[in-house]
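Some notes on the structure that comes next.
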Amino acid sequence: MDVSFLGGPGPQRGVGVVAPFDFALDRELWRWTPDDVSLHVTRTPYVPVEVSLDLARVISEHETLRDAVSTLTEVTPEVVAYACTSGSFVGGVMGEHAMCEAMSRAGSVPAVTTSGALLEALVELDVRRLALVTPYTVSVTRALEEYVAQAGVTVTGCAYMSLTRQIWKVTYREVVDMARRAAVHGRLGTADALFLSCTNLPTYDVIPQLEAELRIPVISANQVTMWAALRRLGTRAVGPYQALIDTSARSGTGTGTGIGAGTGTGIGTGTGSALPAAGPVVPTGSVLPEGQEPPDVRGVHGVSDAQGVPGAQGVSGVPDEKQQEGWT
């Protein structure tokens with residue numbers, strides 16, 4: 001069959017993506033991308049450091065970002081995005097602005113970061129009170145809380161997992177369980193929205209179900225990154241019914257309308273209760289409302305909700321950045 005009359009593929013617009021060396025969710029970014037946009041992904045150089053504040057600082061040095069953006073210039077992206085949450089909030093709001101400036105100068109195109117995109121999304125959704133879920137250790141989670149506080153946002157509750165590697169292996173079941181804990185048990189009351197942090201945390205398929213169950217917008221690191229980058233192109237992210245990219249879903253999160261609302265279909269039960277564990281799975285992390293210090297007992301399965309109910313106690317005395325090493 002002669003296909004020469006087709007004239008080749010349709011025109012594509014480009015988004016350059018700089019990701020950390022351990023980023024494993026390229027496919028998730030593509031799922032928010034419309035067909036007429038291509039992603040050109042590059043990675044920062046490998047460094048033998050586990051997920052921590054130290055790693056966030058190292059991979060976000062301006063020279064590293066400029067070099068990464070320079071590798072993308074030949075394919076002429078119209079915007080570049082730094083797809084790393086901790087790396088873009090570790091320096092605070094001013095540090096994030098400086099990263100964007102360094103990237104934009106290197107590529108001569110607009111630049112966004114995940115954490116900058118988060119603040120844009122909070123403005124878009126008129127969020128002043130935010131619940132957080134992170135896979136991070138306590139210190140990295142605290143840095144995120146401080147970052148959003150600089151933007152005038154109150155953290156109502158926070159659930160963290162204390163992971164230092166292989167975050168991409170966290171299951172949807174665990175993400176949903178932590179989301180419920182952060183949104184429902186926050187000591188400072190009801191949140192306007194829930195943020196699922198870390199571009200290496202799988203979130204794509206759980207967002208619509210969580211919005212229907214929790215009745216608030218749910219945003220994630222990869223979602224806001226793609227939403228903000230595509231916004232620079234004058235186009236929209238694509239995906240299932242969700243408040244950030246579908247304005248009709250914003251009223252739905254408050255009324256229970258939309259996909260899966262109150263039906264118990266999909267992931268979870270729709271009742272707000274914890275997901276039943278499959279076999280011996282124990283939820284990890286802790287729920288920490290703003291200003292509350294973590295419990296003294298730290299370990300693989302240390303759990304404490306905002307009501308002070310302790311969970312299973314793990315190995316104590318392990319340095320914060322080494323908790324749950326190798327957990328999957």
Side-chain angles (χ1 to χ4, degrees), residues 10-20 23-42 72 75 77-85 88-89 96 100 103-104 107 109-127 130 133 168 172 175 179 192-212 214 216-253 257-260 266-267:
Q12 291 280 297
R13 307 181 72 183
V15 173
V17 178
V18 178
F23 180 68
L25 298 181
D26 303 58
R27 175 60 183 160
E28 184 161 290
L29 295 181
W30 276 97
R31 295 178 75 183
W32 272 293
T33 307
D35 289 342
D36 62 345
V37 175
S38 288
L39 301 183
H40 309 297
V41 184
T42 190
L72 297 169
V75 294
E78 296 179 51
V79 60
V80 290
Y82 182 37
C84 180
T85 321
S88 52
F89 68 61
E96 190 277 332
C100 285
M103 294 170 63
S104 185
V109 293
V112 300
T113 73
T114 299
S115 295
L118 166 61
L119 298 189
E120 283 186 41
L122 297 182
V123 171
E124 175 74 12
L125 297 171
D126 194 24
V127 173
L130 184 66
V133 168
W168 67 90
Y172 278 159
V175 173
D192 298 328
L194 171 71
F195 177 55
L196 307 173
S197 189
C198 188
T199 54
N200 237 353
L201 185 70
T203 61
Y204 184 89
D205 295 298
V206 302
I207 291 174
Q209 191 273 336
L210 280 172
E211 288 193 334
L214 299 175
I216 57 175
V218 175
I219 54 180
S220 77
N222 283 330
Q223 178 207 43
V224 298
T225 302
M226 294 311 305
W227 169 80
L230 293 166
R231 204 181 194 193
R232 292 337 189 250
L233 300 186
T235 189
R236 295 174 56 187
V238 298
Y241 191 78
Q242 53 200 274
L244 183 60
I245 66 175
D246 187 344
T247 55
S248 66
R250 295 178 189 179
S251 60
T253 55
T257 60
I259 297 173
I267 300 172

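Along the sequence shown, the residues carry numbers beginning at 1.
- Using a distance-only test at 3.5 Å, with no hydrogens or angles considered, a donor-acceptor pair links the side chain of Arg250 to the main chain of Leu244.
- Between the side chain of Asn200 and the backbone N or O of Trp168 there is no donor-acceptor pair closer than 3.5 Å.
- A donor-acceptor pair shorter than 3.5 Å cannot be found between the side chains of Thr114 and Thr85.
- Distance CG/Leu29 to CG/Asn222: 4.5 Å, rounded to 0.5 Å.
- Side-chain atoms of Glu78 never come within 3.5 Å of backbone atoms of Leu233 as a donor-acceptor pair (strictly under, hydrogens ignored).
- The side chain to side chain contact (heavy atoms under 4.5 Å, CB included) test with Val175 singles out one residue from Asp205, Leu196, Ile207, and that residue is Leu196.
- Contact detail for Ala111 and Cys100: the closest heavy-atom pair is CB-O, 3.5 Å.
- One distance of note links CZ of Phe195 with CG of Leu122; it measures 8.0 Å at 0.5 Å rounding.
- Counting only N and O atoms by type, the side chains of Trp227 and Gln242 include no donor and acceptor under 3.5 Å apart.
- With hydrogens and angles ignored, the 3.5 Å screen pairs no side-chain donor or acceptor of Thr113 with any backbone N or O of Glu96.
- Between Leu39 atom CG and Leu72 atom CG the span is 11.0 Å, to the nearest 0.5 Å.
- Under the 3.5 Å distance criterion, the side-chain polar atoms of Arg31 are left unmatched by any main-chain donor or acceptor of Arg27.
- Residue Thr235 comes nearest to Pro34 through the heavy atom pair OG1-CG, 4.3 Å, listed as atom of the first residue, atom of the second, then distance.
- Of all the heavy atoms in Leu25 and Pro202, the pair that sits closest is CD1-N, 3.7 Å.
- Looking only at atom types and distance, the side chain of Ser38 has a donor-acceptor partner in the side chain of Gln12 under 3.5 Å away.
- Looking at every heavy atom in both residues, Val41 comes nearest to Ala19 through CG1-CB, 4.4 Å.
- Between atom CD1 of residue Ile219 and atom CG of residue Leu210 there is a gap of 12.5 Å, rounded to the nearest 0.5 Å.
- For the residue pair Thr203 / Gln223, no side-chain donor-acceptor distance below 3.5 Å is found, with atom types taken as modelled.
- Residues Val127 and Pro217 are not in side-chain contact: their nearest non-hydrogen atoms beyond the backbone lie 4.5 Å or more apart.
- Interatomic distance, OG1 of Thr33 versus CD of Glu28, reported as 11.0 Å (0.5 Å rounding).
- How far CH2 of Trp32 is from CD1 of Ile245: 8.0 Å, rounded to the nearest 0.5 Å.
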